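So the structure is just underneath, and the comments pick up after that.
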Amino acid sequence: MTTISRWRALTHHHLFWPVAVLIALLLVNVPFTPDFFSINMTDGHLYGSLVSIVLFGSPLILVAVGMTLVIATGGIDLSVGAVVAITGALTCSYISDQADQNTLSAVFLAMGIGLVAAVVCGLWNGFLVARMGIQPIIATLIIMVAGRGVAQLITDGQIITVNSEPYKLIGGGYWLTLPFSVFVVAAVVAVTVALTRRTALGLLVESVGGNAEASRLVGIRSTRIKIMVYMFCALCAGIAGLMISSNTSAADGNNAGLWIELDAILAVVIGGTSLLGGRFSIGGTVVGALVIQTLTTTIYTIGVPTQTNLVFKAAVVIVVCLLQSPKFRAKVFGAKGPQGPRQGAAPVEPAPAADAAPKMEVSR
Amino acid sequence: MAEPQPVLEMTGIVKEFPGVRALSGVDFRLFPGEIHALMGENGAGKSTLIKVLTGVYSLDGGTITLDGESVRFGSPLQAQQAGISTVYQEVNLCPNLSVAENIFIGREPTRAGRIQWKRMRKEAAELVDRLGLDIDVAAPLSSYPLAVQQLVAIVRSVGTGDRDGAGFGTKVLVLDEPTSSLDRDEVLELFRLMRQLRDEGVAILFVSHFLDQIYEVCDRMTVLRNGTLVGEHLVRDLDQVGLIELMIGKALDQLEELHEHQMRSDVGETLVKAEGLGRTGGIAPFDLEINKGEVLGLAGLLGSGRTELARLLFGADQPDSGKVTIGGKQVSMSAPNDAIAAGVAFCSENRKSEGLVPDLTVRENIILALQAARGWTRPIPASQRDELVAAYIKALDIRPADPEARVGRLSGGNQQKVLLARWLITQPKLLILDEPTRGIDIGAKTEIQKLVVSLSEDGMSVLYIAAELEEVLRLSHTIGVLRDRRLVARLTNGPEITTSKILETIASGEHQ
Ligand SMILES: Nc1ncnc2c1ncn2[C@@H]1O[C@H](COP(=O)(O)OP(=O)(O)OP(=O)(O)O)[C@@H](O)[C@H]1O
Ligand SMILES: [Mg+2]
């Protein structure tokens, strides 16, 4: 393979642009924080900006991974933020009711309760979408709106704080020098990849999202698949909810996971999964979530005023999405892709005669 | 003989896709007032040449001259505004809009910026009338079968020509396999219209795999093979055998005659039995038996209910009445899964919207039905899967023979083969084929028909639907005749059964 064709193959890889953007964003930080890439060991824990990005980005990665599958079926789940809040509220209120908050069994039971609640939310979403045929955006809007109210009810409108060492571990603890949440994320991503690519689930999900009617006629039980996927997405959001509440040792029904659904959707799109459904890429989503988290970090390090940081974020997201569009790239860089550049209709100078291909017996 | 100036001239056209050189230096010219056939096997580059012309794809090399001026269109809309009207191979209209809206989309009659709905419907009705069609232009397009949708696409393109005052003078009309799902009558109607436009000076580019149609209506043809030009001929100078040789690049060992195929009278026991099966608005209740190893062909005109009958037998639509037994067991037919589990396979006529998942690869599309039957927890082992896929790509000669290629990027005929492969791989007991040879080139068409014969000899039952009566007649042991959404007769094939006999039965509509 020539260098050029190798370069082409690289730039055509579906992860190329997300990774390129991630690296660029990371580099932007260096002038502002010269030791941005350095990682120190203190008390047997690794610290550094990169570690923080992964740590704080963990919940987003989880939510985005679940969201990827939902989007691949041609749906969307707006309720994940509310599910984060509900899970955190239930778990924390159960733990805070305990006499000894450090009992392992109680903590496990509390997390179990939270996660079951999350899965039930997913079941509800899936039921509305797949069984009742309600538009996903509307169906999941119900829990998005009502869910925060439920979380408030659970916490009596208060912020519940907990003081539990074991619980602190998942969102704020360290293990083997790394934040524990990194392991949780790695496990969830590994399980998701195995679940979708080792079995036929991924193929069936892509088929349902890619052509729903054809999938029905081919005998795919899309109702079941969709319900499963919404439940899985909610489960991921639930785990993120545990992480967030564990990290702050508190459950805030109002603010936990606020707007995380939007960040997650962005992460999925940046990762290269189309909102129209069909092909998805878990790896892309993970990179996409890291891009969003890095962006959030960058906004702080380069000191964008808080009032304008959303605008800044929006601007970067637009650039990323444009970069990913083959049409845009063709216009700007003049690269040739399958859909190639589309020149204007204006008459053009005659192109050099293409080196004449063998023309056989052209009789006129 | 001094030739007139061509209205359209394409020179040295090159188009490359990653890994495929779809067109390498093709020359093509089109004269005003001629009907020009673009011929070639599946994947030869016909549709690509058309899409390069109309700005769907960009050019990688070569020039296009329209009316003596060098042009390059950035979008199909620009091409249309310059006077090139196109019907693409895959019908791409908006199914949820009305027929009238589809005809006028993008150029609705307006007054003071507001769409004149009444006028639009009236003009649409007139256009549709001109083609001798009886359809309600206010109804959503999706309520009509594929053939009608195809006709609407044609009406839409030719309609642009005679909207006086709107400035849409069609100079070039491009029709990419417009007749692939039409019946004889609509084809004749279309030809009448094409000739009329030709006589008005419009240049028409026509793609079809039906050689008889080419010889009936075309004046000149250009033949492509593997993305290269092999020749331009006047139709009267080249006979069918010569044409086929040009297309496939070798002498043809005489197209296999299927007529000789022995009609076995000893077809096995009853496999499928439908009693009083019907659906309001689809097809009147009918009784039907299909034996093991029998090929049952369905004959009928457009809209006679052939597809509707097939869909009921597959559970694609829910019946209002009746029951189905397969292999002696009653099947609920509440969803396709039930039928599939009972061994029924259904190859839809509409490969784009009901068949393929364009984003997935050839391999994934081929194994989809088999995988769906196994459920998501039991993936087909990779080695077995690859072997199966490779075997079917080879058997059906799917090109490119790359299991990783995205199906959406295959040529129309090759997509059709992928759809066939998907169902063949499941080894069904009853294979329902709705227009299986749609868009398939002449060589492959014979192959597929031979395949049907050999499958039936191996004991598979086949329900065969095709617009071409000869095709039905050639393959079927029994022919079910439909008329006005009613199964009116069942004829046992034999020497006395001819196409005219079938047409007579359709016309008289006498029951049994
Ligand atoms: N968008 C695309 N990306 C990649 N390859 C493509 C694309 N479109 C077409 N091709 C390839 O270009 C070649 C020519 O395809 P084309 O659709 O022009 O064939 P065709 O002559 O119209 O065949 P058919 O009779 O089956 O419609 C094929 O090998 C096809 O796979
Ligand atoms: Mg084609």
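Basis for what follows: all heavy atoms, side chains included, without hydrogens, waters or symmetry-related copies. All figures in this text were calculated on a predicted structure; none of them were measured in a lab. Per chain, numbering begins at 1; letters A, B, ... match sequence-line order.
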| query | Which distance, rounded to the nearest 0.5 Å, do you find between the CG of A:L217 and the CG of B:L368? | reply |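 Result: 11.0 Å between the selected atoms.
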| query | If you measure from CE on A:M228 to CH2 on B:W376, what distance do you get to the nearest 0.5 Å? | reply | 4.0 Å
| Under 4.5 Å from a heavy atom of chain B, the part of A:R198 involved | backbone
For [X], is it the side chain, the backbone, both or neither that has a heavy atom under 4.5 Å from a heavy atom of chain A?
| X | answer |
| --- | --- |
| B:I367 | side chain |
| B:A373 | neither |
| B:R422 | side chain |
| B:R385 | neither |
| B:I340 | side chain |
| B:R351 | neither |
| B:S353 | backbone |

| chain B neighbours within residues 201-209 of chain A, where any heavy atom lies under 4.5 Å away | A:L201, A:L203, A:L204, A:E206, A:S207
| task | Among the options B:I64, B:T11, B:L356, B:T65, pick out the one with the most heavy-atom pairs lying under 4.5 Å from chain A. | result | B:L356
More than 12 foreign heavy atoms under 6.0 Å from [atom1] of [X]: is that the case here?
| X | atom1 | value |
| --- | --- | --- |
| A:E213 | CD | yes |
| A:I137 | CD1 | no |
| A:R131 | CZ | no |
| A:R197 | CZ | yes |
| B:D219 | CG | yes |

| task | Evaluate the criterion side-chain contact (heavy atoms from CB on, under 4.5 Å) for residue pair A:T199 and B:R378; output intermediate values, then yes/no. | result | CA-CA 6 Å; A:T199 71; B:R378 294 197 304 137; over 6 Å; no
Shortest non-hydrogen separation from [X] to [Y] and the atoms involved:
| X | Y | answer |
| --- | --- | --- |
| A:A200 | B:P379 | N-CB, 4.0 Å |
| B:G355 | A:A214 | O-CB, 3.1 Å |
| B:G315 | A:R216 | O-NH1, 4.3 Å |

| request: May I ask you to test the B:Q371-A:V218 pair for a side-chain heavy-atom distance under 4.5 Å? | output: no
| query | Is there a donor-acceptor pair closer than 3.5 Å between any side-chain N or O of A:N211 and the backbone N or O of B:K352? | reply |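 Flag set: sc A:N211 to bb B:K352 pair under 3.5 Å.
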| Main-chain N/O of A:G210 paired to B:D359 side chain as donor or acceptor, under 3.5 Å |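 Not confirmed, B:D359 side chain does not pair with A:G210 backbone.
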